Amino acid sequence: NSQQGIAFTGGGTRSYLATAGYLSGLHTAGLMDHVRYISGVSGGSWGTCVYMFASSAPGNDSKLLGPILMPEDITMAKLKHIDPECMRGGPVNKDFAWHATENFLNPFVHGRDVWFKSVSDVYLKPFGVPDDKYPAQTQAVAQRIADYNDGLSVSDFALPRANRPLWIAGISDLGPEPLSPFHEKDRAYTVFEATPFYVGQPYSRNITFKGASGKEETVMVGGFIDTFAFGSQGPSSGLSGTNGTLATKTIKDHTLSPA
């Protein structure tokens with residue numbers, strides 16, 4: 001019946017590794033059984049995503065998170081040889097700069113997908129986090145979505161490891177892609193909650209986005225949708241008031257890796 005939550009900050013590799021270390025300490029102390037919510041942004045969301053959805057080291061969280069080391073035992077020799085099933089080894093066993101360069105030069109990887117794929121290659125895929133599945137908290141949730149959407153099946157969803165809290169990843173939306181790039185001083189950040197139940201935010205508001213070219217667009221942002229529909233085009237019909245069924249296509253662009 002615990003209502004405790006833990007949130008991890010962003011900061012790329014630094015925050016990813018800090019998240020892994022904190023989770024290892026909390027797990028070793030037996031405190032994770034009392035956590036109901038877990039959240040993160042940027043590197044913190046990469047780390048919590050692995051904790052939630054990794055298939056490596058099945059049933060062995062101690063191996064996935066890694067051992068607790070005393071300061072005098074943290075040596076360069078040990079840091080160079082981390083168990084491939086331990087999430088700490090992601091940025092150690094793989095070079096992010098090399099993967100980013102390789103993906104940038106790959107003619108089949110375009111635009112922002114360079115970043116998505118590079119993050120997945122280094123931090124997620126080595127531990128069995130799928131980059132082509134949508135998150136769902138339970139088998140029943142995945143089945144419910146599949147029952148109402150002909151283009152989906154339960155196999156399109158990734159389920160958390162056993163005995164996990166509710167995952168809430170923070171997604172920063174800079175604005176409509178046609179307006180990009182956005183000048184740093186004109187950015188209107190909007191944060192969405194990405195969970196295995198829904199994606200969105202609990203309130204609606206009009207936001208004006210301004211691109212570096214000077215063009216502006218005002219759009220209403222807010223509400224919740226199923227995970228598979230995030231990023232798809234808004235339907236021209238299908239709503240009655242504030243409720244209804246939206247007829248829209250699923251897209252693989254907003255699976256676990258981009259989230």
Side-chain angles (χ1 to χ4, degrees), residues 10-12 40-46 49 96 99-124 130-135 145 149 151-152 156 168-195 197-259:
V41 296
S42 187
S45 68
W46 309 342
C49 184
F96 182 83
H99 279 273
T101 302
E102 181 185 50
N103 289 323
F104 178 77
L105 297 175
N106 187 336
F108 299 103
V109 182
H110 304 287
R112 60 183 181 174
D113 291 338
V114 171
W115 175 259
F116 294 159
K117 189 174 187 307
S118 300
V119 169
S120 179
D121 288 345
V122 174
Y123 301 97
L124 306 181
D131 62 357
D132 60 348
K133 295 182 183 293
Y134 308 103
I145 296 174
N149 295 275
L152 293 173
D156 289 314
I168 306 174
I171 301 176
S172 295
D173 178 29
L174 291 178
E177 190 169 3
L179 293 181
S180 63
F182 299 90
H183 194 281
E184 186 175 351
K185 67 181 180 64
D186 292 324
R187 290 177 182 173
Y189 287 103
T190 303
V191 178
F192 297 120
E193 300 172 10
T195 81
F197 285 114
Y198 63 84
V199 178
Q201 56 182 215
Y203 50 84
S204 298
R205 55 181 175 149
N206 289 319
I207 300 178
T208 298
F209 297 97
K210 182 178 180 180
S213 65
K215 293 183 178 180
E216 295 185 359
E217 182 178 351
T218 300
V219 296
M220 177 176 286
V221 177
F224 293 122
I225 56 175
D226 279 319
T227 56
F228 74 89
F230 179 62
S232 58
Q233 290 186 339
S236 58
S237 62
L239 280 179
S240 176
T242 57
N243 299 292
T245 300
L246 305 181
T248 186
K249 294 181 179 179
T250 62
I251 56 171
K252 287 294 184 182
D253 189 35
H254 288 80
T255 46
L256 271 172
S257 175

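In what follows, every heavy atom counts, from backbone to side chain, and hydrogens, waters and symmetry copies are set aside. The model shown is predicted, which means the values in this text are computed figures rather than measured ones. The first residue of the sequence shown is numbered 1, and numbering continues consecutively from there.
Remark: D131 CG to F116 CZ distance equals 12.0 Å, nearest 0.5 Å. For the atom pair OH (Y123) and SG (C49), the distance works out to 13.5 Å, reported to the nearest 0.5 Å. To the nearest 0.5 angstrom, R187 atom CZ is 12.5 Å from D173 atom CG.
Counting heavy atoms from C-beta on, the side chains of I207 and T190 come closer than 4.5 Å. Residues W46 and V122 form no side-chain contact, since every pair of their non-hydrogen atoms from C-beta on lies 4.5 Å or further apart. Between L152 and F228, some side-chain heavy-atom pair lies under the 4.5 Å cut-off. Residues I225 and Y198 have side chains not in contact (no heavy-atom distance under 4.5 Å, counting atoms from C-beta outward). D156 has its side chain out of reach of K133: every pair of non-hydrogen atoms, C-beta onward, lies at least 4.5 Å apart.
Within the structure, side chain to side chain donor-acceptor pair (under 3.5 Å) contacts touching residues 203-216 (residues at least two apart or in different chains) are T208-T218. Annotation: salt bridge (Lys or Arg N to Asp or Glu O under 4.0 Å) contacts involving residues 174-183, sequence neighbours excluded, comprise R112-E177.
Between Y134 and T227, the shortest heavy-atom contact is CB-OG1, 3.9 Å. Taking all atoms of both residues into account, the shortest heavy-atom contact from S42 to G10 is CB-CA, 3.7 Å. Between I171 and A194, the shortest heavy-atom contact is CD1-CB, 3.4 Å.
N106 places a side-chain N or O within 3.5 Å of a backbone atom of F108 that can act as its donor or acceptor partner. Panel note: side chain S118, backbone V114; a donor-acceptor pair is recorded below 3.5 Å. Between the S172 side chain and the V191 main chain, no donor and acceptor come within less than 3.5 Å of each other.
For D121, the side-chain contact (heavy atoms from CB on, under 4.5 Å) partners at least two apart in sequence or on another chain are H99, N103, K117, K125. In this structure E184 satisfies the salt bridge (Lys or Arg N to Asp or Glu O under 4.0 Å) test with no other residue, sequence neighbours excluded. By the side-chain contact (heavy atoms from CB on, under 4.5 Å) test, P176 is found to be paired with P178, L179, F182, F209, E217, residues two or more places apart in sequence or in another chain being considered. Residues that satisfy the side-chain contact (heavy atoms from CB on, under 4.5 Å) test with P202, not counting sequence neighbours, are E193, F224.
Between W115 and F104, the gap from one ring centroid to the other reaches at least 6.0 Å.
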